[in-house]
Amino acid sequence: MGAFKLAPSILSADFANLGKAVQDAERGGADYIHVDVMDGRFVPNITFGAQIVKALRAKTKLPLDLHLMIVEPENHVNEFARAGADSITVHAEACSDISNTVDKIKKAGVNAGVAISPDTEFSAIKGIITQIDLILVMSVYPGFPGQAFIPQSLNKLSEIRKHLDAERLKAELEVDGGINKDTISSVVEAGATIVVAGSAIFNEHETVEEAIDKLRSRLNDNN
Ligand code: DX5
Ligand code: ZN
């Protein structure tokens, strides 16, 4: 099983204490902070804007992995890059011209990612795969934390992993949604290199550090 990086999603953290949440995640050994930006249009909820990203930037050295669940993401790329994002991922379904949007992200000096929702096939982004740094496979329908992992996502991950390896492409393969101690091994086995987890890391039952240790050890056990 390959190495993987863990990206806690602060969507399930205490919104009144986001500074503490990112610091707990950093201390607990997270590799990224996953920031779910929602606009109330692409998905029903509204979450964080660029000012919050800027405030988080000052609280952690970890790379900020932005997941934009917003319409017309190209209009917001520059402000999120300026706020301190390290990577910006846009939804294929939200872009009128993915290639242009990806260019804009790269010109802003950050890594470019493209996300696909469960009903979007890999073929929708295959043509631009050599231009991007990260592919995000949604393993739940975007919008809410705590949903059940959609098992068909494993086929999509394997298909993309095969393609990346065959073409010798180094893009990260990220998976987001329903990851917990029972599902983490299967996504890493299918070829994911970055694993997002929200409710499995920020919850009432354990500290962030304990939750991260539990996810990592689950994987080691199965090695
Ligand atoms: C959902 C978000 C996810 C969310 C995952 O739309 O993109 O990042 O935080 O939450 P869990 O890990 O609880 O499924
Ligand atoms: Zn996300």
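Only this structure's heavy atoms are used, side chains among them; waters, hydrogens and symmetry mates stay out. First listed ligand is number 1; within each ligand, the first listed atom is number 1.
Heavy-atom separations between D176 and ligand 1 include at least one value shorter than 4.0 Å.
Nearest to atom 6 (O) of ligand 1 by heavy-atom distance, out of P8, G143, G178, is G143. Proximity annotation for atom 1 (C) of ligand 1: of F202, F144, Y141, F144 comes nearest, heavy atoms only.
Looking at E93, its side chain does come within 3.5 Å of a backbone N or O of S117 through a donor-acceptor pair. Looking only at distances, no side-chain donor or acceptor of K5 sits under 3.5 Å from a matching main-chain atom of D31.
With I135 as the partner, the side chain to side chain contact (heavy atoms under 4.5 Å, CB included) test is satisfied by one option alone out of I128, T193, I194, I125: I125. A side chain to side chain contact (heavy atoms under 4.5 Å, CB included) with V22 holds for exactly one of I10, V208, V35; it is I10.
In terms of protein heavy atoms, atom 9 (O) of ligand 1 is closest to S9 OG, 2.8 Å.
Distances between N or O atoms of G198 and those of ligand 1 include at least one value under 3.5 Å. For ligand 1, the polar-atom distance check against G146 finds a nitrogen or oxygen pair separated by under 3.5 Å. The shortest N or O to N or O distance between S199 and ligand 1 is below 3.5 Å. Distances between N or O atoms of D36 and those of ligand 1 include at least one value under 3.5 Å.
Atom numbering of ligand 1 starts at 1 in the shown order; those under 4.0 Å from a heavy atom of M69 are 6 (O), 7 (O). Atoms of ligand 1 lying under 4.0 Å from at least one heavy atom of L11, given by number and element, are 4 (C), 9 (O). If you number the atoms of ligand 1 from 1 as listed, the ones under 4.0 Å from a heavy atom of H67 come out as 7 (O). Those atoms of ligand 1 that come under 4.0 Å of a heavy atom in H34, given as number and element, are 8 (O). Using a 4.0 Å cut-off to heavy atoms of A197, the atoms of ligand 1 that qualify are 12 (O). Atoms of ligand 1 found under 4.0 Å from any heavy atom of P142, numbered from 1 in the order shown, are 6 (O). Every atom of ligand 1 with a heavy atom of P145 under 4.0 Å away is listed here by number and element: 10 (O), 13 (O). Residue G177 has at least one heavy-atom neighbour below 4.0 Å for each of these atoms of ligand 1: 14 (O).
Note on ring orientation: taking the six-membered ring where Trp is involved, the planes of F48 and F15 are tilted (angle from 30° to 60°).
Annotation: side chain of S158 is not in contact with side chain of N155 (no heavy-atom distance under 4.5 Å). When side chains are defined from C-beta on, V187 does not count as touching F4, because their heavy atoms never get closer than 4.5 Å. For the pair P142/P118, a side-chain contact is recorded, criterion being any heavy-atom separation below 4.5 Å from C-beta on.
Here the angle centred on the Zn ion (ligand 2), running from NE2 of H34 over to ND1 of H67, is 100°, rounded to 10°. With the Zn ion (ligand 2) at the apex, D176 OD2 and D36 OD1 define an angle of roughly 170° (rounded to 10 degrees).
The cluster map of Ile, Leu, Val, Met, Phe, Trp and Tyr, joined by side-chain heavy atoms under 4.5 Å apart, puts L64 and V195 in the same cluster.
A salt bridge between K106 and D133 is present, with a side-chain N of the basic residue lying under 4.0 Å from a carboxylate O of the acidic one. Between D24 and R27 there is a salt bridge, since at least one side-chain N of the basic residue sits less than 4.0 Å from a carboxylate O of the acidic one.
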